[in-house]
Amino acid sequence: KMSVVEELSEYDLEVGSLLPSPPSGSAMPAVDETEDERYTYIKAYKEAGNALFKKGKYEWAIRTYTDGVEALISHCYPSRERMLWDYFARGPCGQCYSNAALCALKIDDATRALTMCDLALECRPEDGDLVKVLTRQGQAQLKLGDPEAAKASLEKAVDKEPGNRAVREQLLKAKKALNATAKEAEKRLFHKVDLHKQGLTSKRENQAQEVSGALAAGFESLLDGEDEAALRKVDSLLEVASAKAAPTPKLKALRTQAHYCAGIAHYHQRCLDEAISHLSSFFQMREELLAEGVEVDEPLTGIPLGRFYLAHATYNLGEDDKAKLLLLAYLEDAKAAGPQRVLNMPDGWNGKTISDAERKASRFKARATSGEAQSDAHTMLAMIAEKNEGAAAALSHCLASVELATDDEQKANAVENLARCYSALGDAEAEASAQSQLDEIRKAIATKAETATKAESAKDGTGGQAGATDGEDTE
């Protein structure tokens, strides 16, 4: 093993020639990143660090990244804070810290990685740079045993780039770790009594009842918007059900419903891969059971909702062929189900008993079969058709989207797509007609907004001056 002096000497010999001479830049931020040598200086340090990273020399790379930022500050700025005011300097400085965090993760130094991420965030990274920092922050937090913080960081990253599969996979790891932590806590709090061992009940008689109760609890959490709780309940159910060597048809049907519940919950959490996996399992298992003559209850929130979520998730992942088939199947499901009402009537109305769960579920069912949802489905089909077959194939879906749109904003978007489709087809007359319709809709939207503003102003007694300022408002 080398001494510290020998290692430093080797570092200087290998890396020293790659590092730039200190700049003589002023302490005032520039208006153009090409106008002085400070930015070239920090970028040279970053490139040297990148070269070391590629060689697997992660400790040296961390040193190079962090030394570069410190050298830039000491030579060119009166303080770290002044460097952070400089837009063109803080960008590459943030990248250096972010890259240093990645190196620290490579050598399993999560504490140092988290420190580097904190420093990177002080540099106010944007767009893809921010996604990288948040992802690395989440990875470090997960390694340090804080899945809740990791989940929060990674959810922010997914919000920025919902199509980033690698980030979604990291978020899924964090959620699984959080669920495992919660399950372990529940085990410590509630020690289950095995009634079968005590001879108090028959295992065969109670098995389906227990699974059914767990499934009902999962759906109850789902309807209350508690997706994490729903997943904890049905994930345990799926683990138990899958372990059964020869489950009864009833248990198979209940497991099918559990996949549905898990898929809906994952979709709500924007975990699209998991949503697709569970919802695909639901539809496949449901078809198999029906073919075997097994009775399968419809999920509480309905078949159209599950099909729409599956189609939309698949569309968002760019799997056009699968998405097209699923969207067409959804439209068939919605047509078969027909318009669904929200059940707001009191219990006992017309002699019917309506549970709280049914009332809550009715809102999901009504949305899933609404003109709004069907209009969105036709819009996605139009996009797929235009991309793969041309505007002519998209036209019928554009027309259907306009017809089914329910509010002004959705109708405006649908008519705009229709006008663009006519333009691509070279139909100037139809395009002009659609554009005229679009102008009328936008005018109606503006009028409604103006009326609402006046009504609000009259209500708070400002006489229409609620928005007046001294001209120093920020955006």
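- For the pair Arg359 and Asp356, the salt-bridge criterion is met [side-chain N within less than 4.0 Å of a carboxylate O].
- Scored by the side-chain contact (heavy atoms from CB on, under 4.5 Å) test, Asp227 finds Leu222, Ala265, His268, Gln269 as partners (sequence neighbours excluded).
- Side chain of Ser423 to backbone of Ala419: no donor-acceptor contact under 3.5 angstrom is found.
- By the side-chain contact (heavy atoms from CB on, under 4.5 Å) test, Ile107 pairs with Tyr58, Glu59, Ile62, Asp109, Arg112, sequence neighbours left out.
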**OP:** Output, in order, the C-alpha distance, side-chain angles, deciding distance and verdict of salt bridge (charged side-chain N to carboxylate O under 4.0 Å, His left out) for Glu161 and Lys132.
**Re:** CA-CA 10 Å; Glu161 289 186 5; Lys132 288 180 181 178; over 6 Å; no
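- In this structure the side chain of Phe219 reaches within 4.5 angstrom of the side chain of Gln257, judged on heavy atoms.
- Between Phe308 and His312, the ring-plane angle classifies as parallel under the 30° and 60° cut-offs.
- In this structure, Arg367 satisfies the cation-pi test against Phe364, with its NZ or CZ atom closer than 6.0 Å to the six-membered ring centre and inside 45 degrees of the ring normal.
- Between Tyr65 and Phe53 there is a side-chain heavy-atom pair separated by less than 4.5 Å.
- Contact of the Lys365 side chain with the Leu305 side chain is not registered, since no non-hydrogen atoms from C-beta on lie closer than 4.5 Å.
- Leu331 places a side-chain heavy atom less than 4.5 Å from the side chain of Gln374.
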**OP:** Kindly determine whether Glu389 and Lys324 satisfy salt bridge (charged side-chain N to carboxylate O under 4.0 Å, His left out), including the steps that lead there.
**Re:** CA-CA 12 Å; Glu389 302 172 64; Lys324 177 181 176 180; 3.4 Å; yes
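- The closest side-chain heavy-atom distance from Arg38 to Phe88 is not below 4.5 Å.
- For the pair Glu47 and Lys43, the salt-bridge criterion is not met [side-chain N within less than 4.0 Å of a carboxylate O].
- With Ser277 contributing its side chain and Asp273 its backbone, the two residues share no donor-acceptor pair below 3.5 Å.
- Checking side-chain atoms of Ser401 against main-chain N and O of His397 turns up no donor-acceptor pair under 3.5 Å.
- Salt-bridge check for Asp159 with Arg270: passed, with a basic side-chain N closer than 4.0 Å to an acidic carboxylate O.
- Interatomic distance, Asp129 CG to Ser98 OG, rounded to the nearest 0.5 Å: 7.0 Å.
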**OP:** Please report the C-alpha distance between Gln410 and Asp376 in whole Å, then the side-chain angles of each, then the deciding distance to 0.1 Å, and finally whether the side-chain hydrogen bond (donor to acceptor under 3.5 Å, both in side chains) criterion is met.
**Re:** CA-CA 9 Å; Gln410 187 181 38; Asp376 284 342; 3.0 Å; yes
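- Side-chain contact annotation: Asp86 with Tyr77, donor-acceptor N/O pair under 3.5 Å present.
- Using a distance-only test at 3.5 Å, with no hydrogens or angles considered, no donor-acceptor pair links the side chain of Arg307 to the main chain of Leu327.
- With a 4.5 Å cut-off on side-chain heavy atoms, Asp146 and Glu148 count as touching.
- Using a 4.5 Å cut-off on side-chain heavy atoms (C-beta onward), Glu228 and Lys175 make contact.
- No donor-acceptor pair closer than 3.5 Å links the side chain of Lys46 to the backbone N or O of Cys93.
- With Ser153 contributing its side chain and Leu134 its backbone, the two residues share no donor-acceptor pair below 3.5 Å.
- At distances below 3.5 Å, at least one donor-acceptor pair connects side-chain atoms of Thr453 with backbone N or O atoms of Ala449.
- Listed by chain and number, the residues in a side-chain contact (heavy atoms from CB on, under 4.5 Å) with Ile73 are Val69, Arg80, Met83 (sequence neighbours excluded).
- Two residues are said to be in side-chain contact when any heavy atoms from C-beta on lie closer than 4.5 Å; Cys271 and Arg168 fail this criterion.
- When all heavy atoms of Ala391 and Cys421 are compared, the closest pair comes out as O-SG, 3.3 Å.
- Under a 3.5 Å cut-off, the side chain of Tyr330 and the backbone N or O of Ala368 do form a donor-acceptor pair.
- The residues Glu122 and Arg90 are annotated as not salt-bridged, no charged nitrogen and carboxylate oxygen being separated by less than 4.0 angstrom.
- A side-chain donor-acceptor contact under 3.5 Å links Asn164 to the backbone of Ala166.
- We find that Lys160 and Asp127 are not joined by a salt bridge, their nearest charged nitrogen and carboxylate oxygen being 4.0 Å or further apart.
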